[in-house]
*Asks:* 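Structure incoming, see below.
Chain letters run A, B, ... following the sequence lines, proteins first, then strands; residues in each count from 1.
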Amino acid sequence: MLDIKFIRENENAVRKMLADRKAEADLDGFIEADCRFREIVERVNGLKHEKNVVSKEISTEKDRAARQERIGRMKGLNVELRELDEESKAMEAKRNEIRLTIPNFPHPDVPVGEDESKNVTISTWGDPRKLKFTPRAHTDIGSSLDIIDIERGAKVSGSGFYVLKGYGARLERALLNFMMDIHSEQGWKEVWPPALVNSASMVGTGQLPKFEEDMYRLPKDDLYLVPTAEVPITNLHRDEILDGDDLPLRYQAFSPCFRREAGRHTGEEGIIRVHQFSKVELVSICHPDASEDELEKLTRDAEEVLKRLDLPYRRIILCKGDLSFSSAKTYDLEVYSPFEERWLEVSSCSSFGDFQARRAMIKFRRKPHLPSEFLHTLNGSGLAIGRTMVAILENYQLEDGRVELPKKLRPYMRGLEVISI
RNA sequence: GCAGAGGUAGCUAAGCUUGGCCUACGGCGCCGGACUUGAAAUCCGGUGGGCAUUCGCCCUCGGGGGUUCGAAUCCCCUCCUCUGCGCCA
């Protein structure tokens, strides 16, 4: 959510930002409602002031007739107020509703561009593997080793669900522990959050009201299945004023992630894009002056997982047209897939500036006597577990159909070196 | 799920029975000032949000309605916390 004064005073900048992002929001409606709201509020405040004065007079007035006269005046004021009050509430609601649909301002570092083709590669690590045989897809590998069962996932739940079995299931568990141990070393506090959250939390991080269609919702309880642990973790401190000395707050959490993923995606077969996947998420709540450095740390810390798994990857920065709604700046980490001969996104690390903090009312004080200010929030995958598994299967496959395990992961697999049937 | 007790400012905590003296008591923390060589102690003032920024005005007692000239206070709905019972891995 943008600062309301900023929108008022920088209408053109907001308009340009929307165009750069290829986003739409009813800015005219916002401005109209805001102007009208403020106009009415002034009159309402005047009337309320009069009411307060007269009410005070009634309480001290001894003369019965004078009292009655004032009570009559109050009744008149109330009639007038009722109408204006109604309109002011309607205008305020409209204004706020629209404000929730205006995306964040991109950071100045963010390159211009209308879609993902304009994203810029920042750095590359490791040499993409060239296998001496024809590589197979993770779906092939998974089914022939009987560790990924897509058919039965569909039977049990439907299309877009899969089942991990045997070493596949153990690999999931190993990756989770492997990742979280690394992040603990790096100073991220472990949290095990709820997988269901209320709508206030979803508004706080920006999933609602705009992306209702992307979420699973339980109408009976008005709860949502989390699309990422970002939601419960960032909302841990919703409506709180934190002590500046406690910053930054760095959390990591595992959670299942649920996404409806309505619509078709080509080139994302197998378990690349599914309705439920596991992810370790890093969330930082930090001082506004520290968020730029914090995004670098967060991204580096996520990269460390790929380095230890010895998976070649690159870091890209998303252009304005590809940037997500709440983000000010996003790095994606992509692992090379020798089968597809392309890069696969396994992490997305974003800085939100004060956009989420303003929605979720996460504040801090520099000193106890100073006014509270909004914090900055950041988060990133550290990493998406399902896609990391895909990357391991496709990068570490052997010609005979077996899959070697990255050396540092073996202790987490009870010493297993190679996955075979 | 049922019954009871609660939710008041950064924290703590009065007020609610009996509506107006609430411009929300007091304390802690913090800031500024006075005093002091300095500090402590003491005293004075400040310490939520919005609109205007010159004096000012409005809002704020978990949230939303209602009654009333007037609601922290009375009524209704709702959310959350705690205790007991029920259910349960």
Side-chain angles (χ1 to χ4, degrees), chain A residues 1-9 30-100 192-204 208 217-224 232 235-247 249 256 285 287 354 357-375:
Chain A
M1 192 157 72
L2 300 178
D3 180 15
I4 203 152
K5 277 187 196 149
F6 181 88
I7 306 176
R8 277 178 204 142
E9 289 161 15
F30 171 86
I31 289 161
E32 194 192 319
D34 183 51
C35 287
R36 182 79 187 125
F37 168 70
R38 288 193 291 164
E39 208 178 291
I40 301 169
V41 157
E42 253 178 72
R43 287 173 57 199
V44 166
N45 282 355
L47 288 172
K48 282 186 176 170
H49 176 58
E50 198 180 339
K51 243 185 98 168
N52 287 340
V53 170
V54 176
S55 172
K56 193 114 291 174
E57 285 170 6
I58 291 172
S59 69
T60 51
E61 181 59 66
K62 299 263 162 51
D63 181 71
R64 187 162 294 176
R67 241 177 114 95
Q68 279 310 314
E69 183 270 329
R70 293 209 164 85
I71 288 174
R73 237 164 77 205
M74 287 287 267
K75 285 184 174 169
L77 282 170
N78 278 337
V79 172
E80 210 172 330
L81 254 174
R82 199 169 308 238
E83 245 173 75
L84 284 172
D85 224 24
E86 217 163 279
E87 195 186 348
S88 95
K89 273 182 185 165
M91 288 298 120
E92 190 181 20
K94 184 178 175 196
R95 179 190 79 175
N96 292 345
E97 232 165 77
I98 298 172
R99 184 150 80 122
L100 287 173
W192 201 273
L196 296 176
V197 296
N198 57 29
S199 55
S201 292
M202 294 290 267
V203 171
L208 289 183
R217 177 170 176 234
L218 289 79
K220 202 171 174 182
D221 303 286
D222 195 26
L223 291 169
Y224 294 81
N235 279 283
L236 241 35
H237 296 289
R238 172 157 48 83
D239 295 324
E240 288 186 16
I241 299 174
L242 303 169
D243 188 335
D245 295 338
D246 296 339
L247 301 174
L249 292 172
I285 297 176
H287 199 283
D354 61 9
R358 186 172 279 113
R359 285 176 163 246
M361 289 293 288
I362 310 173
K363 304 176 115 184
F364 81 110
R365 288 181 211 279
R366 287 173 197 262
K367 289 271 180 275
H369 64 286
L370 292 173
S372 59
E373 299 169 61
F374 291 113
L375 288 153

*Asks:* So, for A/Ala195 and A/Pro256, which heavy atoms are closest and what is the spacing to 0.1 Å?
*Replies:* CB-CG, 4.3 Å
*Asks:* Between B/U8 and B/A71, how far apart are the C1' atoms? Round to whole Å, please.
*Replies:* 14 Å
*Asks:* Under 4.0 Å, counting only non-hydrogen atoms across every strand here, what does A/Arg38 touch: a base, just sugar-phosphate, or nothing?
*Replies:* sugar-phosphate
*Asks:* What interatomic distance, in whole Å, is found between C1' of B/U67 and the corresponding atom of B/C77?
*Replies:* 15 Å
*Asks:* Please state how far atom CG in A/Asn198 lies from atom C1' in B/C80, giving the value in whole angstrom units.
*Replies:* 11 Å
*Asks:* To the nearest 0.5 Å, what is the distance between NZ on A/Lys363 and CD on A/Glu240?
*Replies:* 13.0 Å
*Asks:* Assign A/Arg67 to base, sugar-phosphate, or nothing according to its heavy-atom contacts below 4.0 angstrom with the strands shown.
*Replies:* base
*Asks:* Among B/C21, B/G49, B/G20, which nucleotide sits nearest the side chain of A/Ser372?
*Replies:* B/G49
*Asks:* For A/Gly46 and A/Met74, take the nucleotide of RNA chain B holding the closest heavy atom to each; which residue's nucleotide lies nearer the 5' end?
*Replies:* A/Gly46
*Asks:* Would you call A/Glu39 and A/Arg36 a salt bridge, taking side-chain N to carboxylate O under 4.0 Å as the test?
*Replies:* yes
*Asks:* Side chain of A/Lys56, heavy atoms from C-beta onward: which of B/C21, B/G50, B/C51 has the nearest atom to it?
*Replies:* B/C21
*Asks:* Using the C1' atom as the reference point in each nucleotide, state the distance between B/G19 and B/G29 in Å, no decimals.
*Replies:* 34 Å
*Asks:* Using a 4.0 Å heavy-atom cut-off, does A/Arg8 contact any base of the nucleic acid, only the sugar-phosphate backbone, or nothing at all?
*Replies:* sugar-phosphate
*Asks:* Does A/Lys89 have a side-chain nitrogen or oxygen under 4.0 Å from the phosphate oxygens OP1 or OP2 of B/G65?
*Replies:* yes
*Asks:* Rounding to a whole Å, what distance do you find between A/Arg82:CZ and B/G65:P?
*Replies:* 12 Å
*Asks:* Between B/G62 and B/U12, how far is it from one P atom to the other, in whole Å?
*Replies:* 14 Å
*Asks:* Looking only at side-chain N and O atoms, does A/Ser55 offer a donor or acceptor that is under 3.5 Å from a partner on A/Asn52?
*Replies:* no
*Asks:* Hunt down the Watson-Crick or G-U wobble partner of B/G26, both distances under 3.5 Å, from any strand shown, or write none.
*Replies:* B/U12
*Asks:* In whole Å, what is the span from the NE2 atom of A/His49 to the P atom of B/C51?
*Replies:* 20 Å
*Asks:* Figure out the CG/P separation between A/Leu47 and B/C69, and round it to whole Å.
*Replies:* 18 Å
*Asks:* Give none if B/A3 has no partner; otherwise give the nucleotide forming a Watson-Crick or G-U wobble pair with it, both distances under 3.5 Å.
*Replies:* B/U83
*Asks:* For A/Val53 and for A/Ile241, find the nucleotide of RNA chain B with the closest heavy atom, then tell me which residue's nucleotide is more 5'.
*Replies:* A/Ile241
*Asks:* Check this one for me: any side-chain N or O of A/Lys75 less than 4.0 Å away from OP1 or OP2 of B/C69?
*Replies:* yes
*Asks:* For A/Tyr224, does its backbone N or O pair with a side-chain atom of A/Arg217 as donor and acceptor, under 3.5 Å?
*Replies:* no
*Asks:* In whole angstrom, give the distance that lies between atom NE2 of A/His237 and atom P of B/G10.
*Replies:* 17 Å
*Asks:* Does the A/Arg359 side chain pair with the main chain of A/Val203, one donor and one acceptor, at a distance under 3.5 Å?
*Replies:* yes
*Asks:* Please give the nucleotide sitting opposite B/C43 as a Watson-Crick or G-U wobble pair, both distances under 3.5 Å, or none.
*Replies:* B/G33
*Asks:* Both distances below 3.5 Å, Watson-Crick or wobble geometry, any strand: find the nucleotide opposite B/U68.
*Replies:* none
*Asks:* Verify, without hydrogens or angle tests, whether A/Arg238 (side chain) and A/Met361 (backbone) share a donor-acceptor contact under 3.5 angstrom.
*Replies:* no
*Asks:* Could you give the CD-to-C1' distance, from A/Glu69 to B/G70, as a whole number of Å?
*Replies:* 16 Å
*Asks:* The side chain of A/Asn45 lies closest to which of these nucleotides: B/C69, B/C51, B/G50?
*Replies:* B/G50
*Asks:* Can you identify which nucleotide, out of B/G70, B/C58, B/C69, has its nearest atom closest to the A/Lys51 side chain?
*Replies:* B/G70
*Asks:* Rounded to whole angstrom, note down the P distance from B/A24 over to B/C30.
*Replies:* 24 Å
*Asks:* Considering every strand shown, what is the Watson-Crick or G-U wobble mate of B/C88 when both distances are under 3.5 Å?
*Replies:* none
*Asks:* For B/A52 versus B/C44, give the span between their C1' atoms, rounded off to a whole number of Å.
*Replies:* 30 Å
*Asks:* Taking the C1' atom in each of B/U81 and B/C74, what is the distance between them to the nearest angstrom?
*Replies:* 25 Å
*Asks:* For the side chain of A/Ser59, starting at C-beta, report the closest nucleotide among B/C59, B/C21, B/G20.
*Replies:* B/G20
*Asks:* Looking at B/C51, B/G10, B/G70, which one has an atom nearest to any side-chain atom of A/Ser55?
*Replies:* B/G70
*Asks:* Work out how far the C1' atom of B/C88 is from that of B/G1, and round it to whole angstrom.
*Replies:* 12 Å
*Asks:* In whole Å, what is the span from the CG atom of A/Asn52 to the C1' atom of B/A71?
*Replies:* 13 Å
*Asks:* Of the candidate nucleotides B/G49, B/C51, B/C58, which contains the atom at the shortest distance from the side chain of A/Lys363?
*Replies:* B/G49
*Asks:* Between A/Asn235 and A/Ala200, what is the shortest heavy-atom contact and its length?
*Replies:* OD1-O, 4.2 Å
*Asks:* Between C1' on B/G10 and CD on A/Glu373, what's the gap in Å once rounded to a whole number?
*Replies:* 15 Å
*Asks:* Return the nearest nucleotide to the side chain of A/Ile71; candidates are B/G70, B/C69, B/G10.
*Replies:* B/C69
